[in-house]
Peer 1: 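First, the structure itself, so that you have it in front of you.
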There are 2 protein chains.
Amino acid sequence: MPQETPNVGVLMFVAYREMERRVLDAVVAAGYDVTLAQARIFQRIGPDGTRLVELADQAQVTKQTAGFLVDQLERAGFVERVADPTDGRARLVRIAERGRRAGEIAAGVVAEVEAEWVAHLGKRRMGQLRDTLTKLREITDPYAR
Amino acid sequence: MPQETPNVGVLMFVAYREMERRVLDAVVAAGYDVTLAQARIFQRIGPDGTRLVELADQAQVTKQTAGFLVDQLERAGFVERVADPTDGRARLVRIAERGRRAGEIAAGVVAEVEAEWVAHLGKRRMGQLRDTLTKLREITDPYAR
DNA sequence: CTAAAGTAGTCAGCGTATCTGACTTTTACT
DNA sequence: AGTAAAAGTCAGATACGCTGACTACTTTAG
């Protein structure tokens with residue numbers, strides 16, 4: 001679909017990609033050696049831990065892939081696996097201390113990039129953008145929390 | 001960066017991913033066997049053909065990776081390589097007949113998904129979204145055409 | 001007008017990410 | 001109790017993407 005005026009999806013991709021690149025670069029530069037795929041999984045872990053299959057669904061990869069990435073994150077000390085008290089089959093992937101520190105750096109960069117966007121778009125349009133995307137999520141994200 | 005209220009980047013990713021998945025599924029279902037990575041390159045090819053390095057830059061992969069994917073697209077008959085008349089070092093990747101047909105299917109699905117978004121958001125907000133993202137592209141896409 | 005520097009693209013080798021399919025263990029339903 | 005479903009793992013295969021090194025052509029500077 002070659003086009004001079006990219007569709008809305010592509011426009012979102014471009015901006016997203018910029019955010020992702022900036023965040024990952026900063027986290028890696030801070031000495032937390034994490035890959036893009038690992039970060040995409042890590043990002044989805046909830047405050048009380050999340051099951052592997054849920055992470056897989058949300059990141060849109062198979063559970064095998066998610067398991068593979070969680071293995072790496074665990075070996076690097078970013079996450080830990082604990083038994084799920086409510087279901088003997090399941091285990092919860094939880095953010096560990098080192099992961100928390102890396103997450104804080106990431107959050108800082110996210111705030112920084114968003115501030116740049118506000119500076120370029122203006123506060124009003126940035127607010128609209130966030131609201132519209134949140135609304136759009138209702139029909140595009142089956143795993144909306 | 002686990003969070004209940006995802007940042008704007010993640011929100012864009014979710015919607016983008018939905019669009020991408022829908023388009024790719026439709027194209028593959030129509031018998032055009034193309035992978036995600038191939039589609040991301042293909043999508044960037046301009047109407048008069050585009051150089052490999054440009055495709056690589058825009059898709060944010062190395063030129064080797066882009067070359068690898070263009071090889072596959074060429075073998076499958078989606079694109080063709082022609083010499084660049086203005087520069088003997090370069091060749092232009094151009095969309096071939098089969099690619100054009102696949103691109104038409106993709107464009108149809110894009111229109112369909114966008115129509116769903118308009119139905120959910122309203123015409124006004126969809127217009128704002130497009131405008132805002134286009135504006136945002138000024139600072140997030142160094143390769144904006 | 002030639003030497004140096006830069007750009008387009010390819011080749012080779014490697015590691016990461018992702019998939020499909022098959023299996024184990026534990027729930028949940030009837 | 002007995003079967004179906006769900007969570008997770010194991011094994012094997014493929015696709016993707018990277019770095020480094022190379023060739024060929026073009027541009028620039030002296």
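In this text, all values refer to a predicted model and were calculated from it rather than measured experimentally. Naming: A, B, ... by sequence-line order, numbering from 1 per chain.
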Peer 1: Is B:Lys123 close to B:Met126 at the side-chain level, that is, under 4.5 Å between some pair of heavy atoms?
Peer 2: no
Peer 1: Expressed in angstrom and rounded to an integer, what is the separation of A:Arg51 atom CZ from D:dT9 atom C1'?
Peer 2: 17 Å
Peer 1: Quick check on the helix from C:dC1-D:dG30 to C:dT30-D:dA1: what's the angle between its two end axes, five base pairs per end, to the nearest 10°?
Peer 2: 40°
Peer 1: What residues form a side chain to side chain donor-acceptor pair (under 3.5 Å) with A:Arg130, not counting sequence neighbours?
Peer 2: A:Glu114
Peer 1: Contact between A:Glu54 and A:Gln58 at the side-chain level, heavy atoms closer than 4.5 Å - yes or no?
Peer 2: yes
Peer 1: Is there a side-chain contact between A:Arg100 and A:Phe78 (heavy atoms, below 4.5 Å)?
Peer 2: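 No, their side chains stay 4.5 Å or more apart.
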Peer 1: Heavy atoms, side chains only, cut-off 4.5 Å: are A:Val61 and A:Ile41 in contact?
Peer 2: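 Yes; the side chains approach each other to less than 4.5 Å.
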Peer 1: Polar pairs (N or O, both sides) under 3.5 Å between protein and nucleotides 12-14 of chain D?
Peer 2:
none

Peer 1: Using every non-hydrogen atom in the two residues, find where B:Tyr16 and A:Met12 come nearest and quote the distance to one decimal.
Peer 2: N-CE, 3.8 Å
Peer 1: Please list, in 5' to 3' order, the outermost nucleotides of DNA chain C lying under 4.0 Å from any heavy atom of chain B.
Peer 2: C:dG6 to C:dC11
Peer 1: If you find the nucleotide of DNA chain C closest to B:Leu92 and the one closest to A:Thr86, which residue's nucleotide is nearer the 5' end?
Peer 2: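 The answer here is B:Leu92.
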Peer 1: For residues A:Thr132 and B:Thr132, determine if any side-chain heavy atom of one lies less than 4.5 Å from a side-chain heavy atom of the other.
Peer 2: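 A side-chain contact under 4.5 Å is absent here.
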Peer 1: Strictly distance-based, threshold 3.5 Å: is any side-chain N or O of B:Arg98 a donor or acceptor partner for the main-chain N or O of B:Ala76?
Peer 2: yes
Peer 1: Look at the side chain of A:Arg137 and the backbone N and O of B:Leu11, then say whether any donor-acceptor pair between them is shorter than 3.5 Å.
Peer 2: no
Peer 1: Using heavy atoms and a sub-4.0 Å distance, could you list which residues of residues 63-70 of chain B are near DNA chain D? By number, please.
Peer 2: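 Contacting residues: B:Gln64, B:Thr65, B:Leu69.
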Peer 1: Would you say the side chain of A:Lys135 lies within less than 4.5 Å of the side chain of B:Arg125, judging by non-hydrogen atoms?
Peer 2: yes
Peer 1: Applying side chain to side chain contact (heavy atoms under 4.5 Å, CB included) to B:Asp84 and B:Arg91, what does each step give before you reach the verdict?
Peer 2: CA-CA 5 Å; B:Asp84 184 336; B:Arg91 296 159 78 191; 5.8 Å; no
Peer 1: Short of 4.0 Å, heavy atom to strand atom, which residues of residues 71-85 of chain B count as contacting DNA chain D?
Peer 2: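 Listed by number, they are B:Gln72.
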Peer 1: Pick the closest DNA chain D nucleotide for A:Val53 and for B:Thr62 by heavy atoms, then say which residue is nearer the 5' end.
Peer 2: A:Val53
Peer 1: Taking B:Glu20 first and then B:Arg40, would you say they form a salt bridge - that is, a charged N and a carboxylate O separated by under 4.0 Å?
Peer 2: yes
Peer 1: Taking all non-hydrogen atoms of both residues into account, name the closest pair between B:Val93 and B:Arg81 and its distance.
Peer 2: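 Where B:Val93 meets B:Arg81 most closely, the heavy atoms are CG2-CG, 4.3 Å.
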Peer 1: Report yes if a side-chain nitrogen or oxygen of A:Arg89 is closer than 4.0 Å to either non-bridging phosphate oxygen (OP1 or OP2) of D:dA5; otherwise report no.
Peer 2: no
Peer 1: Side chains of A:Leu69 and A:Phe42, heavy atoms from C-beta outward: is any pair under 4.5 Å?
Peer 2: no
Peer 1: Please answer whether the main-chain N or O of A:Thr35 pairs with a side-chain N or O of A:Gln38 as donor and acceptor at a distance below 3.5 Å.
Peer 2: yes
